[in-house]
Protein chains: 2
Amino acid sequence: MPSPQSRAAPPPRPRLTREAVLDAASGLVSQHGPQALTMRKLAAELGTAVTSIYWHVGNRESLLEALVERTVRELGEIRPRGSTPQARVVSIARTLRRELRARPHLIAMVHERGLTERMFLSAQRALAQEAHAAGLRGARAAEAVRSVQFTVIGHVLVERNRERAPTQRPGEPELWEPAEAKAADDPALARALARPPDPEKVFMASVRALVEGLLGPPDPPLPQSL
Amino acid sequence: MPSPQSRAAPPPRPRLTREAVLDAASGLVSQHGPQALTMRKLAAELGTAVTSIYWHVGNRESLLEALVERTVRELGEIRPRGSTPQARVVSIARTLRRELRARPHLIAMVHERGLTERMFLSAQRALAQEAHAAGLRGARAAEAVRSVQFTVIGHVLVERNRERAPTQRPGEPELWEPAEAKAADDPALARALARPPDPEKVFMASVRALVEGLLGPPDPPLPQSL
DNA sequence: ACCTGAACACCGTTCAAGT
DNA sequence: ACCTGAACACCGTTCAAGT
């Protein structure tokens, strides 16, 4: 007898709980996407009747909502690094990108439910501080904050889009092949566009150019030996 | 007798055709989103048996694929306007934004299937030309093209996200209310962030800043009186 | 308070049969 | 070549009934 107080009871399946349901659901979604989450599969995974799940989480839609809510909450505080406002804004952008890319399916669900922006509120505060430090004030500073915010979120969405893309015909390679390239005035440009882009490079180049356009070039942090 | 060759035939329902199926499906999707497109509703709309549809389009998934294909094809050629490369790039960005926002549901489907980028190939060509005209060459020009491309697509995705968003609690207004604003060093900034952003303004500010960061300030088109 | 199976109304898809 | 209804395997959800 493994446990003294309950003899002959069926194996120690712990009581079904809302948390257990969410965990199992999160597992299904993380691995195979939300379409893999059916109430019947979930029940099988949990070893309960389908209808028990309804008692704990209401219905499928509010189950998904709970998962999204959890994901939004999980995205932690942002700690900017760097010695100039420009560098710190770039570091915020970088951190956000990394966090988002770690949870593709769940982030997609957050996006579908229109909560992407809410997930970014703490980042928004950090950006506001840096805009202020760079000398921007009032409405202009707010505009800069939002430009960075929209651009970062946007790039992450575009990247995700590219990753899910099936092989595209006609794709960039075909369209920028030598034939076209000869006609172009810049063969090196044509060749570069024929290669698949490095999304991280594009992201960093965009963010740097945007930040410079918004905040201007950084002040030299210290008088150098010159 | 309305038509001589066929007396007593049931009303002149024209033969079911692939095009008719696509049109009806497109209507359902455009108005109520892809989840409103069920094979049974579609059949009812067309006045045929559910199974007839399968003969013409295969199955639901390839029907949706055909709709997406159509949408990608419909996005026309881009005609840049303006007298400097900078202005022309901005005009390209503007046009793309408008085209995309005219077909929200279909564009979302293009996005879900990872074809957003393919839809942008003609725009990419136009951007490459402008980057070249601005003096960028080779890999640097390609990077600029992609920065603009990613940024524009990204902003459109973010905007769509915001539009579908349910009212968010806690939202920006609550989080940037006076209480917080007092603590901030810039009350005007806090007030500006408490107001809902004007997406068009954010878009234009981002694109302008990005283009300046990438291409530099435009040359004066003509020597001015000074 | 928690769990259950039966039943309902919906799906997409296949298939043999019609014309 | 085109269209049909019946049937299958799957859904999410409700509900009365159990403990």
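So you know, we letter chains A, B, ... as the sequences are listed, proteins then strands, and number each from 1.
Look at CD1 on I53(B): it is 12 Å from P on dG5(D), rounded to the nearest Å. Rounded to a whole Å, the OH atom of Y54(B) is 11 Å from the P atom of dC11(C). In this structure, L16(B) places its CG atom 13 Å from C1' of dA1(D), rounding to the nearest Å. The interatomic distance linking L63(A) (CG) with dC11(D) (P) rounds to 15 Å, in whole Å. Whole-Å rounding puts the R15(A) CZ to dA1(C) P distance at 11 Å.
Closest to the side chain of N59(B), from the set dG5(D), dT13(C), dC2(D), is dT13(C). For R60(A), taking side-chain heavy atoms from C-beta onward, the closest of the listed nucleotides dT13(D), dG5(C), dA1(D) is dT13(D). In this structure, of dT13(D), dC3(C), dT4(D), it is dT4(D) that holds the atom nearest to the side chain of T51(B). Closest to the side chain of V50(A), out of dT4(C), dT13(D), dT14(C), is dT13(D).
Applying the salt bridge (Lys or Arg N to Asp or Glu O under 4.0 Å) rule to R40(A) yields no partners; only residues at least two apart in sequence or on another chain are considered. Every residue two or more places apart in sequence or in another chain that forms a salt bridge (Lys or Arg N to Asp or Glu O under 4.0 Å) with R88(B) is listed here: E130(B). In this structure R140(A) satisfies the side chain to side chain contact (heavy atoms under 4.5 Å, CB included) test together with L136(A), sequence neighbours excluded.
Side-chain contact between M204(B) and R97(B) is absent, with no heavy atoms from C-beta onward closer than 4.5 Å. Between M119(A) and L115(A), the closest side-chain pair of non-hydrogen atoms is not below 4.5 Å.
Residue R113(B) is tested with E69(B), E65(B), E61(B) for a salt bridge (Lys or Arg N to Asp or Glu O under 4.0 Å); the sole match is E61(B).
Heavy atoms from other residues, nucleotides or ligands lying under 6.0 Å from CD of E159(B) number more than 12.
Screening residues 23-35 of chain B for side chain to side chain donor-acceptor pair (under 3.5 Å), with sequence neighbours left out, gives D23(B)-R70(B).
Remark: DNA chain D takes part in the stems C:4-8 with D:12-16, C:12-16 with D:4-8, each of 3 or more antiparallel Watson-Crick or G-U pairs, criterion distances under 3.5 Å.
The phosphate of dT4(C) has OP1 or OP2 within less than 4.0 Å of a side-chain N or O from S52(A). Contact check, T48(B) against dC3(D): no side-chain N or O comes under 4.0 Å of OP1 or OP2. The phosphate of dC3(C) (OP1 or OP2) has a side-chain N or O of H56(A) nearer than 4.0 angstrom.
Using the six-membered ring where Trp is involved, F150(A) and H155(B) have ring planes that are tilted, between 30° and 60° apart.
Non-hydrogen atoms lying under 4.0 Å from DNA chain C are contributed by L37(B), T38(B), M39(B), R40(B), all within residues 33-42 of chain B.
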